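Inspection log for the structure reproduced underneath, given as structure tokens.
Computed from a predicted model, the values in this text were never measured in an experiment.
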Amino acid sequence: QVSLVESGGGLVQAGGSLRLSCTGSGRTFSTLAMGWFRQAPGKEREFVAAISWGGDTTDYADSVKGRFTISRDNARSTVYLQMNSLKFEDTAVYLCAARGGLHPSSHSSDYLYWGQGIQVTVSS
């Protein structure tokens, strides 16, 4: 079992930055690939970014590429999502997820463990 807890959300003006953190417990992250997803009101959950703890490779949705950066700290069992140049359209609940895979995945169905989500609100 893996427990995931997100932190770092909040309110920010358009053009600003936030950094989300996702810390795991129950099983080491060294064998898990990690991902970030988001869900805005009235919309389906969408892929944001993913990283492989084993292969050190990353993947991003086109909508955030060049603005968001996913990274990891294995010693802290933590994954980060640095969000720069935020837009109003980035407003959503952001969720951290983990899967027992060797590489990143953009498919939510591939992930076994999910955090409860954290709100990010961008004012325009």
Side-chain angles (χ1 to χ4, degrees):
Q1 286 292 316
V2 175
S3 178
L4 304 174
V5 179
E6 302 99 336
S7 62
L11 175 66
V12 65
Q13 287 194 327
S17 299
L18 285 174
R19 188 177 75 162
L20 303 182
S21 299
C22 173
T23 301
S25 62
R27 188 184 296 272
T28 180
F29 275 10
S30 63
T31 61
L32 301 175
M34 305 294 299
W36 286 97
F37 293 77
R38 67 186 183 186
Q39 187 165 15
K43 295 185 177 181
E44 295 184 349
R45 184 175 298 174
E46 65 175 342
F47 168 74
V48 177
I51 186 168
S52 173
W53 289 80
D56 198 22
T57 56
T58 59
D59 189 26
Y60 297 92
D62 289 340
S63 60
V64 306
K65 193 172 299 183
R67 299 188 297 121
F68 291 9
T69 302
I70 188 170
S71 60
R72 67 185 177 207
D73 186 337
N74 290 323
R76 299 176 183 269
S77 296
T78 300
V79 173
Y80 303 97
L81 184 67
Q82 179 66 47
M83 304 183 293
N84 298 328
S85 301
L86 282 163
K87 305 174 181 179
F88 175 77
E89 304 91 275
D90 295 318
T91 297
V93 173
Y94 284 71
L95 302 106
C96 175
R99 63 182 293 265
L102 299 178
H103 56 81
S105 174
S106 62
H107 304 118
S108 61
S109 60
D110 288 341
Y111 291 83
L112 298 176
Y113 309 103
W114 294 83
Q116 291 186 299
I118 189 165
Q119 180 70 46
V120 171
T121 302
V122 183
S123 62
S124 61

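Scored by the side chain to side chain donor-acceptor pair (under 3.5 Å) test, T78 finds T23 as partners (sequence neighbours excluded). For K43, the side chain to side chain donor-acceptor pair (under 3.5 Å) criterion is met by no residue, not counting sequence neighbours. Every residue two or more places apart in sequence or in another chain that forms a side chain to side chain donor-acceptor pair (under 3.5 Å) with R76 is listed here: D73. In this structure, the salt bridge (charged side-chain N to carboxylate O under 4.0 Å, His left out) partners of R67, at least two apart in sequence or on a different chain, are D90. Residues passing the side chain to side chain donor-acceptor pair (under 3.5 Å) test with T91: none are found, sequence neighbours excluded. Judged as a side-chain contact (heavy atoms from CB on, under 4.5 Å), and not counting sequence neighbours, the contacts of S7 are S21. Residues forming a side-chain contact (heavy atoms from CB on, under 4.5 Å) with A14 (at least two apart in sequence, or on another chain): V122. Taking E89 as the reference, nothing meets the salt bridge (charged side-chain N to carboxylate O under 4.0 Å, His left out) condition, with sequence neighbours excluded.
Under the 4.5 Å side-chain heavy-atom criterion for Ile, Leu, Val, Met, Phe, Trp and Tyr, V93 and L18 are members of distinct hydrophobic clusters. In this structure, V2 is a member of the same hydrophobic cluster as I118, with clusters built from ILVMFWY side-chain heavy atoms closer than 4.5 Å. L20 and I70 fall within a single hydrophobic cluster, where Ile, Leu, Val, Met, Phe, Trp and Tyr are joined by side-chain heavy atoms under 4.5 Å apart, directly or via other members. Each of V5 and Y113 belongs to its own hydrophobic cluster when Ile, Leu, Val, Met, Phe, Trp and Tyr are linked at side-chain heavy-atom distances under 4.5 angstrom.
With contacts defined as side-chain heavy-atom distances shorter than 4.5 Å, the pair R38/S63 qualifies.
The list of salt bridge (Lys or Arg N to Asp or Glu O under 4.0 Å) pairs with a residue in residues 112-124, not counting sequence neighbours, is empty. Sorted by first and then second residue, the salt bridge (Lys or Arg N to Asp or Glu O under 4.0 Å) pairs with a member in residues 8-24 form an empty list; sequence neighbours excluded.
Remark: L32 CG to R72 CZ distance equals 12.0 Å, nearest 0.5 Å. The OG atom of S124 sits 9.5 Å away from the CD atom of Q13 when rounded to the nearest 0.5 Å.
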List the atom pairs, donor and acceptor, that lie under 3.5 Å between side-chain atoms in residues 79-86 and the rest of the protein, sequence neighbours left out.
from	atom 1	to	atom 2	distance (Å)
Q82	NE2	N84	OD1	3.0
N84	OD1	S17	OG	2.9

Only distances under 3.5 Å count here; give the side-chain donor-acceptor pairs of residues 95-107 to other protein atoms, sequence neighbours excluded, each with its distance to 0.1 Å.
from	atom 1	to	atom 2	distance (Å)
R99	NH1	H103	O	2.7
S105	OG	H107	N	3.2
S105	OG	D110	OD2	2.5

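No side-chain donor-acceptor contact under 3.5 Å links E6 to the backbone of C22.
Here the closest non-hydrogen pair linking T69 and Y60 is CA-OH, 3.4 Å. The heavy-atom pair separating F68 from V48 by the smallest distance is CD2-CG1, 3.7 Å. Taking all atoms of both residues into account, the shortest heavy-atom contact from L4 to G24 is CD2-CA, 3.9 Å.
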- Query: Yes or no on side chain to side chain contact (heavy atoms under 4.5 Å, CB included) for Y111 and F37, after CA distance, side-chain angles and deciding distance?
  - Reply: CA-CA 11 Å; Y111 291 83; F37 293 77; 3.5 Å; yes
